[in-house]
2 protein chains.
Amino acid sequence: MALTQLTVVDTAVDILQQFGLADLSMRRLAKELEVQVGALYWHVKNKQELLAAVAAKLLNTEQLRVIPENFATPADAVLQLCRKLYLALLPIQDSPEVIEVASALQVEQLNPVLQLRDLLHSAGLSTEDARFGQQLLLNHILGSVAYRQNLVQLDVDAPQSDGFDWGLQRAVSGLFSRD
Amino acid sequence: MALTQLTVVDTAVDILQQFGLADLSMRRLAKELEVQVGALYWHVKNKQELLAAVAAKLLNTEQLRVIPENFATPADAVLQLCRKLYLALLPIQDSPEVIEVASALQVEQLNPVLQLRDLLHSAGLSTEDARFGQQLLLNHILGSVAYRQNLVQLDVDAPQSDGFDWGLQRAVSGLFSRD
DNA sequence: ACCTGAACACCGTTCAAGT
DNA sequence: ACCTGAACACCGTTCAAGT
């Protein structure tokens, strides 16, 4: 199998899902693909861009879309999209770090983040406020996932809620109430 | 000067503030202190605990307290504390990552985070909800700082607001409105 | 065009041995 | 008790040289 950008990124996604970010090194990736490390740099510019591509692979899926028509209010659609994102990222080790790298480099390529912004906009927020609201909600999603993943990693077996949904509802309520 | 836990942590804080997390390696730290790397491990268990201690040094300062009596409403005190935290962390490179390590390891030693929780509690939220609200606000602070720091790092010179304060006001409003 | 081999300049952690 | 010296098992990135 020839080495392509696609195979490199897909293998990276695999390593991330199976072993976490600590094991996703360029050298490990090269070993998995049975090539020398240097070969990777023909297909990806550097590790940062690779991680951005990994994030895009993780997020740009049909599962992480929401059909606004299926919801009574825009707020409900927003809630649902956020919950989907949270649940999708939770089982992927270190996903918040990966997404952060990507959204710093190129938020515009992460479809669910864009849809989140769109939903907020069509719910009545100005273009700028929709961007801010998207930030608030994304911060909460990634922060909650990171917090939760740290708990299991430190075998704090307290299976207590991380308060994600509670905080989400409060945040959305704050975004849509005028005062 | 004898090597102590205190000097190790203080020097680590120095390196972080001057050069960022990428330069804060155990080896660089040893060089700065003019000892061998191994010597550090007599004074700190590992790098993770060192970073937690660094975070505590950064946050546990009198500057980052708020006098509730000075504010008309608890919500105002919460707003002020969050803004103080945001402004304090912004100039410290990679501070969100450091704080996250620390709050995963030992939230209970970060005074401003505890005060934030306390303020929410005394504002009427249940003990549990105060914890959740603290999470929501901390997520927003750290997320906004990280976002802002990434912008300057990628020399995206757009000095556009990160919407921190806008999001903060919405979040606080959501926390204190009952619906 | 695509890949190898090898180098450069680093990491965190451990541990026998010294004082 | 505290530190050195040295090792172990890694990193990301670059680049002449091969095909």
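Note on naming: letters A, B, ... go to the chains in the order of the sequence lines (proteins, then strands), and numbering restarts at 1 for each one.
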Problem set entry | Close side-chain approach of A/Leu40 to A/Met26, heavy-atom, < 4.5 Å | yes
Exercise. Side chains of A/Val145 and A/Tyr86: does their closest heavy-atom pair fall under 4.5 Å?
Worked result: yes
Exercise. Considering only the C1' atoms, how many Å lie between D/dC8 and C/dC10, rounded to the nearest integer?
Worked result: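 It comes out at 15 Å once rounded to the nearest Å.
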For this session: Please identify each residue that fulfils side chain to side chain contact (heavy atoms under 4.5 Å, CB included) with A/Ser25, with sequence neighbours left out.
Result: A/Arg27, A/Arg28
Problem set entry | By side chain to side chain contact (heavy atoms under 4.5 Å, CB included) - contacts of B/Thr4 (at least two apart) | B/Leu6, B/Thr7
Problem set entry | Closest-nucleotide ordering on DNA chain D, the 5'-leading residue of A/Gly38 and A/Asp23 |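 Counting from the 5' end, the first nearest nucleotide belongs to A/Asp23.
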Exercise. Taking for each residue the nucleotide of DNA chain D bearing the nearest heavy atom, is the 5' side occupied by A/Arg28 or by B/Trp42?
Worked result: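 Closer to the 5' end of DNA chain D: B/Trp42.
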Seminar exercise, completed: Symbol by symbol from the 5' end, with Watson-Crick or G-U pairs under 3.5 Å, [ ] crossing and | another strand, DNA chain D is ||.|||||...|||||.||
Exercise. From the 5' end of DNA chain C to its 3' end, which nucleotides mark the outer limits of contact with chain B, defined by a 4.0 Å heavy-atom distance cut-off (strictly under)?
Worked result: C/dC11 to C/dC15
Residues 89-102 of chain A, side-chain donor-acceptor partners within the protein, below 3.5 Å, at least two apart:
| residue | atom | partner | partner atom | Å |
| --- | --- | --- | --- | --- |
| A/Asp94 | OD2 | A/Leu21 | N | 2.9 |
| A/Ser95 | OG | A/Leu89 | O | 2.8 |
| A/Ser95 | OG | A/Ile92 | O | 2.9 |

For this session: Please answer whether the main-chain N or O of B/Phe164 pairs with a side-chain N or O of B/His140 as donor and acceptor at a distance below 3.5 Å.
Result: yes
Problem set entry | Short side-chain to backbone donor-acceptor contact, B/Asn46 and B/Glu49, under 3.5 Å |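 Flag set: sc B/Asn46 to bb B/Glu49 pair under 3.5 Å.
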Solution key, residues 68-82 of chain B side-chain donor-acceptor pairs under 3.5 Å, sequence neighbours excluded:
| residue | atom | partner | partner atom | Å |
| --- | --- | --- | --- | --- |
| B/Thr73 | OG1 | B/Ala75 | N | 3.4 |
| B/Thr73 | OG1 | B/Asp76 | N | 3.1 |
| B/Thr73 | OG1 | B/Asp76 | OD2 | 3.3 |

